[in-house]
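Written below as structure tokens is the structure these notes are about.
Each chain gets a letter, A, B and so on, in the order its sequence line appears, and its residues count up from 1. All values below were derived from every heavy atom in this structure, side-chain atoms included, with hydrogens, water molecules and symmetry-related copies excluded. These numbers come from a predicted model, not from an experiment.
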Amino acid sequence: MLPSTPLRSAGASDVGLDVNWALRWLTLSAEAMAEHREELIELDRPIGDSDHGENMDRGFKAVMVKIAEAPPETAGAALKLTAMTLMSKVGGAAGPLYGTAFLRAATALGEAADIDAATLASAFQAARDGIVARGKAESGDKTMVDAWTPAVDAAATAAGDSDVHKVLVAAAEAAEAGAVSTDPMLARKGRASYLGERSIGHRDPGAVSTALILRAAVGAAE
Amino acid sequence: MLPSTPLRSAGASDVGLDVNWALRWLTLSAEAMAEHREELIELDRPIGDSDHGENMDRGFKAVMVKIAEAPPETAGAALKLTAMTLMSKVGGAAGPLYGTAFLRAATALGEAADIDAATLASAFQAARDGIVARGKAESGDKTMVDAWTPAVDAAATAAGDSDVHKVLVAAAEAAEAGAVSTDPMLARKGRASYLGERSIGHRDPGAVSTALILRAAVGAAE
Amino acid sequence: MKKLINDPRAVVDESVEGFGLAHADLVTVFADPKYIVRKDAPVAGKVGLVSGGGSGHEPLHGGYVGLGMLDAAVPGAVFTSPTPDQILPATLAVNSGAGVVHIVKNYTGDVLNFETAAELAQAEGVEIRTVLVNDDVAVEDSLYTAGRRGVGGTVLVEKIAGAAAERGDNLDAVAAIGDRVNQNVRSMGVALTACTVPHAGSPSFVLEENEIEIGIGIHGEPGRHRIPMENADGITDRLLEPVVSDLGLTSGEKVLLFVNGMGGTPQSELYIVYRRAAQQLAAQGITVARSLVGNYITSLEMQGCSITVLRLDDEMTALWDAPVHTPALRWGV
Amino acid sequence: MKKLINDPRAVVDESVEGFGLAHADLVTVFADPKYIVRKDAPVAGKVGLVSGGGSGHEPLHGGYVGLGMLDAAVPGAVFTSPTPDQILPATLAVNSGAGVVHIVKNYTGDVLNFETAAELAQAEGVEIRTVLVNDDVAVEDSLYTAGRRGVGGTVLVEKIAGAAAERGDNLDAVAAIGDRVNQNVRSMGVALTACTVPHAGSPSFVLEENEIEIGIGIHGEPGRHRIPMENADGITDRLLEPVVSDLGLTSGEKVLLFVNGMGGTPQSELYIVYRRAAQQLAAQGITVARSLVGNYITSLEMQGCSITVLRLDDEMTALWDAPVHTPALRWGV
Ligand SMILES: Nc1ncnc2c1ncn2[C@@H]1O[C@H](COP(=O)(O)OP(=O)(O)O)[C@@H](O)[C@H]1O
Ligand SMILES: Nc1ncnc2c1ncn2[C@@H]1O[C@H](COP(=O)(O)OP(=O)(O)O)[C@@H](O)[C@H]1O
Ligand SMILES: [Mg+2]
Ligand SMILES: [Mg+2]
Ligand SMILES: [Mg+2]
Ligand SMILES: [Mg+2]
């Protein structure tokens, strides 16, 4: 179900990430949301209300418009603009959650022109913590947190090598595995929780969109 | 579509029709409406509102109840009770039309204990005239009149032989042919008229119920 | 057929009983024969208003019994005209001596049954006038057919004639204003899906996924044309144009625009239709002075809508605005 | 998918625009960001009431903007919570200085978006109280889940808190009466058919011809149990019993009984459900003192209904009876 983007073998392990990476990340995220719109709607159908793909696609399309209107100058500014746009255009549960995530990540990046592995890992950590602070979901509740938490952990470990590319790959792979791991979970947060036992056996759409976004971050660094 | 009841070869050509015949007629009519309920509903579906079978079945069931409550003593009284009951239980277009038909027929029969061929034919004539007076349909308008009018004409001709049984058979056969003859007609009265050209190619449900009722009159005399 | 019903043949009995329980402050329900009467009927000196018809069009007519509208409603079986033995006692119950107006939708069955009831009532000394409603432009009007059907305009006739009766107009005046509304109102409907009569058990007609029925009646009877599905603006134009042209509306006139849901269409869609209709009327210089949007005359769970336009004059407007207090329409009180 | 719409993505825009045209005497509609405000807002000295949520539940919430009910409504995309950039200006527009109450249905998205908007409004100096509505007994309430959903009870909270604000109650008092309604109201719904979100294009779930979904929410999200079709009385009992027992109603108490249509169910069927529910309550010695029957909080064209019961006290009853003048609910004026 998740696309497996063929990875270029990591080369420039000492090269950092800049505003262009951030803009490519957001562009690839927007493309992924458009491409996977139906899939995310279908995932949201049995355990939700069939709108996650529509919401995310609408939100990231709006991000693209905002970026075109006034291109941000730093990665942090790009993520902050993304946060504000998602907050005002996505709606539902995902809007405030992703909005908070990008806002916290933007704060963690600060004014840095070039993001190193440690900063990147801590930005992911801040994003995840923001989601948990807003949504109060724990691991195993069958939400996007189940993609973010393994991604953050994997990123932290990979950051030891000081290779941003490895951090990105580790995060994306862990998020993808995390999304898959939601299949057998019984939902305890969000709309799927209304289903009780009947939520088991379905993949959480927010965890899948998280994996798509983190995979886009890898693509942006290639 | 119409049942062809196997006819006993007419024997007692000099025997008249009495209250027992009338009660058997109504009973067989009620049975026919119950048995053909679905068929009449289906006929009413494409060119009407799918209720003719339900209406007629409800009406004749009520007639049976009324007869059981206070059995009428003459054929005329039986038809009058039927008229009042159909009027108050059938509703729609068919209720007042059949109500008027039975009322006029009852008046034509008067107090007669034994109905001869001429009286019978004139009762049919009175019934048809009542329908026309109420509904103002002409021949060819694709209504029950297209079953009644040939039936009345055939009955009048057959009455020359003074054989009530022949009059009944002639009326029933003509009504059945009359019902079939409505197929190619363009409806100009009743609900089917809203369809204009699209009414062509369908049989009129009221003409079919008329044929069923007149066929029941034959059965009652066997 | 999936419906919130018990016995398909008890649908009207149980529904009307529930209606009576829910609105016991406004109406009294009689079970056999079945009719619904305004709680305080007969209102001394007031002309009585009685309407009725087949069930399945709720809130019509029972929902319009009360102050400023009907005095009695007579529900038939689903989509089947009521009978004289219902109409007569309803008529007698609301006659204060000032006479009774029958508001009758132009269907053969309704006309014949009300006609008989009117004769019987007159025989009992009640003066009767009949207002025939025949506003459906989908049906070609002709001396040689059953003529146009009564559809959405019925609600407006009942409201406006009801207000005239309430202010004390006499029998002829109430009938006259009812006729005037009828002469100035036209409607046209569309079905996106068919409806299923409970006792019939299957849909009244079959529409393919990509078909709609233009000129639908309110009984699940087929319309005049079946066309491929279009968008809301296109459908709205198809309904509105014949209504406006049949009325001969011209720039500068004022109208009441009534977008009615057939029962199964969400309100949000009715407002999309209303939007287009209001824009089109405005473009022709016609002022929408009053509006009504919602499920007011329905066909069970049918999806679709109808557009009704009433040419307003000052008197009709004032009567429309007059207080009304019924289960389904209420303002000013 | 057959709907009276144009572009599936313009459904809310066009529908709200039509709504604004039809009810220009009562409301002002803002297009971008989208929100609906009572014509005479802010009302001097009055606490403002704002509610909102995903669209597709019409007449909720826009239909309840007006005297004696909401000051503003904020419609999201279909079935999707609105965003803070809509909620904030709506909140500011209705703040007369007396503060604003947010009435929020308990869905993660609604809660989070209103929470953010409240923070932003407070940062601009507006005092905010939030009344969370969570009346759906189909969902097990738990500290460890998203908790119960807000469904039919929302309409009653908006009406009663709205009347309290209209009579001049202060911010805390309005919020308190809203909370009191929420504590005394419970609901449960059933779906006979699914609904189709326009932008999704196919039904939110699939019910076989012989299946119904008990405990359905208002977003086409599946319910708790899927069972074979039953008759109306059986279904009514299944909905009413958990509502009554969760409320702990006992003989001698007075209630408001609200039978709500999901959008695609005819009114006649709602009255069949009402009949059974009223009979069952009466059998338990519970008095139905007030009633509401109709499509008040819907799920697009879904067929089905919900039953809501509110335990009434004298103050809530008086506030329920107080005048209200909105597009969808009107009395006493
Ligand atoms: N409390 C929560 N914490 C974290 N994530 C949540 C929470 N509630 C919902 N989610 C995420 O949001 C996703 C649903 O988003 P979306 O469908 O856009 O919103 P909605 O549920 O309001 O329709 C879920 O798949 C889940 O991953
Ligand atoms: N004006 C009329 N004159 C004679 N028969 C009519 C007239 N209008 C309708 N009918 C008959 O009534 C039948 C329909 O009866 P029914 O379905 O019970 O009533 P409704 O049309 O009110 O639903 C038609 O098939 C036709 O034979
Ligand atoms: Mg969703
Ligand atoms: Mg019929
Ligand atoms: Mg009929
Ligand atoms: Mg949603």
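- Between the CE atom in A:M87 and the CG atom in D:L120 there is a gap of 8.0 Å [rounded to 0.5 Å].
- A:K61 NZ: more than 12 foreign heavy atoms inside a 6.0 Å radius.
- Side-chain contact between A:R191 and D:R149 is absent, with no heavy-atom pair separated by less than 4.5 Å.
- For D:N113 (side chain) and A:G92 (main-chain N/O), a donor-acceptor pair under 3.5 Å exists by modelled atom type.
- A distance-only check finds a donor-acceptor pair linking the side chain of A:R45 to the backbone of D:S202 [under 3.5 Å].
- More than 12 heavy atoms of other shown residues, nucleotides or ligands fall within 6.0 angstrom of atom CD in A:E69.
- Closest approach of D:H199 to A:D51, counting heavy atoms only: NE2-CB, 3.8 Å.
- Note: D:T83 OG1 to A:K89 NZ = 6.5 Å, rounded to the nearest 0.5 Å.
- Contact of D:P203 with chain A is made through the backbone alone, with heavy-atom distances under 4.5 Å.
- Heavy atoms from other residues, nucleotides or ligands lying under 6.0 Å from NZ of A:K66 number 12 at most.
- Only the side chain of A:N55 comes within contact range of chain D, with at least one heavy atom under 4.5 Å from a heavy atom of that chain.
- In this structure, A:E73 places its CD atom where only 12 or fewer heavy-atom neighbours from other residues, nucleotides or ligands lie under 6.0 Å away.
- Of the listed residues D:I87, D:D110, D:T116, D:V197, the one with more heavy-atom pairs under 4.5 angstrom with chain A than any other is D:T116.
- Ranked by heavy-atom pairs under 4.5 Å with chain D, the list A:G95, A:G99, A:G190 is led by A:G190.
- Sparse packing is recorded around CE of A:M84, with 12 or fewer heavy atoms of other residues, nucleotides or ligands lying under 6.0 Å away.
- Only the side chain of D:A77 comes within less than 4.5 Å of a heavy atom in chain A; its backbone stays farther off.
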Exercise for the section: Determine, step by step, whether A:R198 and D:E213 satisfy the salt bridge (charged side-chain N to carboxylate O under 4.0 Å, His left out) criterion, reporting the C-alpha distance in whole Å, the side-chain angles of both residues, the deciding distance to 0.1 Å, and the verdict. Expected result: CA-CA 13 Å; A:R198 288 166 68 187; D:E213 187 91 28; 2.8 Å; yes
Exercise for the section: Mind running side-chain contact (heavy atoms from CB on, under 4.5 Å) on D:L112 and A:L97 for me, showing each step along the way? Expected result: CA-CA 8 Å; D:L112 295 180; A:L97 292 171; 3.8 Å; yes
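- Every residue two or more places apart in sequence or in another chain that forms a salt bridge (Lys or Arg N to Asp or Glu O under 4.0 Å) with D:D246 is listed here: D:R148, D:R186.
- Considering all non-hydrogen atoms of both residues, D:T80 and A:G91 come closest at CG2-C, 3.8 Å.
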